[in-house]
Amino acid sequence: MTTLHRSTCPHDCPDACGLLAEVEEGRVVAVRGDPDHPYSRGTLCPKVNHYERTVNHPGRLTHPLVRAGPKGEGTFRRVSWEEAIDLVAGRWRAIAAGAGAEAILPYSYAGTMGLVQRNAGHALFHRLGASRLARTICSPAKSAGFQAVLGATPGPDPSLVERASLVVLWGVNAAATNVHFLGLVKAARRAGAPVWLLDTYRTATAAAADRVFLVRPGSDGALALGLLHLLVREGLADERFLAAEALGWEALKERILPDHGPARTEALTGLDEAAQLDLARGLATSPAPFLRIGEGLSRYGNGSMNVRAIVALAAAAGVLARPGGACYGGSTTGDAFDLERFTRPDLQPRPTRVVNMVRLGEALTTLDDPPIRALCVYAANPAAAAPDQGAVRRGLAREDLFTVVHERFVTDTARFADVLLPATASLEHPDLYRSYGHYFVQRARAAAAPPGEARSNWDLFRALARALGFDEPLFGLTTDQVIDLLLEGPSPWRDRLDRAALDAGRAVPLAVPPGPRWRTPSGRIELRNDALAEPLPRWLPSHADAGAHPLRLQTGPSLYSLNSTFTEREDLDRPRGPLRVRLSPADAAARGLSSGDRAVAWNELGELRLPVEVTGDVPAGIAVVEGVHPDRAGERPGNVNLLTSRRLTDEAGGSTFYDNRIDVRRDG
Ligand SMILES: Nc1nc2c(c(=O)[nH]1)N[C@H]1C(S)=C(S)[C@@H](COP(=O)(O)OP(=O)(O)OC[C@H]3O[C@@H](n4cnc5c(=O)[nH]c(N)nc54)[C@H](O)[C@@H]3O)O[C@H]1N2
Ligand SMILES: Nc1nc2c(c(=O)[nH]1)N[C@H]1C(S)=C(S)[C@@H](COP(=O)(O)OP(=O)(O)OC[C@H]3O[C@@H](n4cnc5c(=O)[nH]c(N)nc54)[C@H](O)[C@@H]3O)O[C@H]1N2
Ligand code: SF4
Ligand SMILES: [Mo]
């Protein structure tokens with residue numbers, strides 16, 4: 001007997017695809033795309049095409065484990081859930097009574113995007129009075145850059161791109177990170193729209209582009225200001241639209257743009273005047289340009305300002321004025337559910353200390369008053385995916401740190417656990433999924449039985465709440481009851497939601513609430529925003545614009561993993577290829593390196609031994625290491641995040657993964 005179950009891909013990816021799981025006797029035997037899903041329409045990416053291989057992987061954790069060897073070695077003995085919960089609750093109670101509950105730090109991110117499981121620990125840690133985590137590792141600076149100009153204006157529908165007359169992919173490796181959007185872009189291209197890509201090297205997405213503009217890392221803000229200068233010089237700015245709909249155009253024109261002539265723009269970005277003119281003319285004159293801004297260009301010390309300048313450019317070029325024109329950074333469904341009904345910040349005894357997750361290494365090794373004595377990691381893998389990896393791992397190795405990890409697999413972080421607890425995979429628990437790349441929501445029921453004694457995040461935190469004596473009614477709710485709670489509160493996003501279809505497992509649309517065109521305090525596009533320290537967009541250098549080492553490090557995503565997720569899948573190792581550094585022919589020759597040679601990539605933070613690939617896809621001055629690779633037995637531990645720093649973005653405390661310098665030398 002085979003049954004079919006609808007579900008959603010739970011991973012941190014804008015596509016939030018519809019899945020169909022074939023289940024036999026409680027076991028997932030195959031996973032394919034759901035042809036009825038309105039956005040993903042039956043296709044999946046190479047990572048999830050055989051998701052049953054992840055779900056049934058022999059490396060899945062099945063029972064609670066307690067450390068039985070030196071820290072970090074990964075030797076464990078099996079215990080019962082009861083023993084594990086008692087041990088954790090007992091240690092946390094003792095730490096709270098001694099150093100205070102702020103000595104306890106949760107660390108979680110988006111291992112699952114489901115609204116319940118992703119946010120499952122918040123209410124408990126609030127109730128406990130633990131330190132709070134600022135969840136900034138991804139791209140808060142990008143949101144801040146959009147908000148500076150457009151406030152809470154909802155993002156457009158991404159499928160608008162199919163009818164675009166010009167597509168500009170600005171800092172997005174869509175072939176890896178947004179494959180269904182790229183499908184829509186290809187449809188637009190077949191219908192005649194040119195596709196332009198702006199990146200720092202030729203990524204896999206270059207194959208889908210008619211033109212690739214390579215810019216210096218972290219220089220997109222300078223490019224946007226340079227294009228704004230050309231719009232003025234060439235009389236291409238949409239003056240009528242700006243006079244009617246925007247604030248601050250005159251100030252920007254008079255005070256900032258005169259300094260951004262084409263020569264300076266070329267010096268800062270590497271793009272000559274002819275390329276600048278093509279970009280400015282394309283955006284200003286194409287009838288329906290679709291501008292898609294990715295995450296990458298915001299992971300810099302000037303990341304928020306870069307995004308802000310690009311959004312200002314979209315306004316001045318009239319992209320935002322024309323029907324069909326769009327400046328898209330993601331779908332903005334964050335307000336569709338009142339998450340605080342579940343995360344309960346009101347349960348805090350008082351507002352507790354906030355620790356920025358980008359600075360986990362620093363927090364674990366230097367924080368005082370009180371020092372962190374207990375760490376609880378779930379739905380994240382900081383030993384691999386967080387920056388400043390040397391410090392993160394020194395912190396995790398502390399004998400006096402009590403670390404709980406809730407995981408599906410023995411990750412690099414799990415090996416440092418004192419208590420390692422088995423987590424369900426998404427097909428084994430219910431959840432509610434919204435997307436950051438489209439406007440559909442989906443409710444998924446558990447389709448399969450968990451392996452062994454694996455528990456969902458919410459079931460873990462409910463059990464801990466009980467052991468700690470927390471009797472708030474919330475902790476008594478099942479996952480399905482929490483989903484109902486999230487769907488109960490009023491929201492204009494859900495006024496017309498087809499609840500019956502949602503409860504039956506189908507993807508249903510959220511409706512963007514009616515409101516003014518520009519949802520900013522002034523009701524206009526705020527090219528000038530006096531609420532900010534910098535009222536006008538201007539050129540800010542990135543961190544690595546200064547720095548001793550000659551190569552700028554680009555640490556982008558791999559097509560065959562998702563941050564460190566999917567690195568457990570041996571079948572994806574081969575297409576992903578080994579951890580390697582890609583260099584231009586010039587930089588390789590200058591160091592006497594050829595493809596296949598062993599090298600050391602290094603900077604002031606650490607060093608990494610890895611093979612070299614020499615390629616014309618990478619321009620001189622740049623070193624590319626794609627993917628967040630796991631430790632391999634017999635090799636020195638660590639990956640490219642040994643070389644990425646804990647410096648923050650200009651706004652919102654974000655990560656700066658792409659804003660680092662390194663050098664590379666022959667190994668030995
Ligand atoms: N296959 C796969 N899919 C993923 C992920 C993955 O790891 N693998 N990660 C997921 C996550 S968590 C996220 S946040 C999204 C990220 O999705 P994207 O928006 O694609 O963001 P990134 O891949 O971080 O960066 C995109 C591109 O920006 C380029 N870039 C870097 N610096 C600059 C710059 O200064 N200027 C310009 N113009 N370009 C620059 C990089 O080279 C990269 O090609 O993808 C998600 N999907
Ligand atoms: N060098 C470099 N580093 C990067 C990036 C980069 O571009 N370059 N990208 C950064 C970005 S954008 C992000 S968002 C971060 C992400 O960093 P992390 O959030 O740490 O993401 P992952 O490495 O994918 O780890 C997610 C873990 O969650 C586990 N998991 C999955 N489902 C569940 C569940 O239901 N319950 C529990 N308990 N666990 C579950 C998975 O097995 C996996 O080990 O990485 C960042 N790191
Ligand atoms: S990782 Fe992204 S593209 Fe792949 S199946 Fe999941 S949501 Fe779809
Ligand atoms: Mo991310």
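In listed order, ligands and their atoms are each counted from 1. Along the sequence shown, the residues carry numbers beginning at 1. Computed from a predicted model, the values in this text were never measured in an experiment.
- Shown are Arg60, Arg445, Arg408; of these, the salt bridge (charged side-chain N to carboxylate O under 4.0 Å, His left out) with Glu428 is made only by Arg60.
- When the options Thr656, Asn356, Asp388 are evaluated for a side-chain hydrogen bond (donor to acceptor under 3.5 Å, both in side chains) with Arg646, the one that passes is Asp388.
- The pair Glu22-Arg32 meets the salt-bridge criterion, with a side-chain N (NZ, NE, NH1 or NH2) lying under 4.0 Å from an Asp/Glu carboxylate O.
- Taking the six-membered ring for Trp and thresholds of 30 and 60 degrees, Phe409 and His57 have ring planes more than 60 degrees apart, a perpendicular arrangement.
- In this structure, Asp631 contributes its side chain and Asp412 its backbone to no donor-acceptor pair below 3.5 Å.
- Salt bridge Asp573/Arg632: present, at least one basic N to carboxylate O contact under 4.0 Å.
- Of all protein N/O/S atoms, those under 2.8 Å from atom 4 (Fe) of ligand 3 are Cys45 SG, and waters are not counted.
- Each of Arg299, Arg216, Arg552, Arg647 was compared with Asp659 under the salt bridge (charged side-chain N to carboxylate O under 4.0 Å, His left out) criterion, and only Arg552 meets it.
- The ligand atoms of ligand 3 that sit less than 4.0 angstrom from a heavy atom of Ala16 are 7 (S).
- If you look at Ser40 next to ligand 3, there are no close heavy atoms at all, none under 4.0 Å.
- When the options Thr269, Leu271, Leu223 are evaluated for a side-chain contact (heavy atoms from CB on, under 4.5 Å) with Phe213, the one that passes is Leu271.
- Contact shell of ligand 1 (protein heavy atoms, cutoff 4.0 Å): Asp12, Lys47, Cys138, Trp170, Gly171, Val172, Asn173, Ala176, Thr177, Leu198, Asp199, Thr200, Tyr201, Thr203, Val215, Pro217, Gly218, Asp220, Gly294, Glu295, Gly296, Leu297, Arg299, Tyr300, Tyr436, Gln554, Pro557, Ser558, Leu559, Ser561, Leu562, Asn563, Tyr658.
- Ring planes of His11 and Tyr51: perpendicular class, angle over 60° (limits at 30 and 60°).
- Ion pair Arg582/Asp587 not flagged as a salt bridge, since none of the NZ, NE, NH1 or NH2 atoms sits closer than 4.0 Å to an Asp/Glu carboxylate oxygen.
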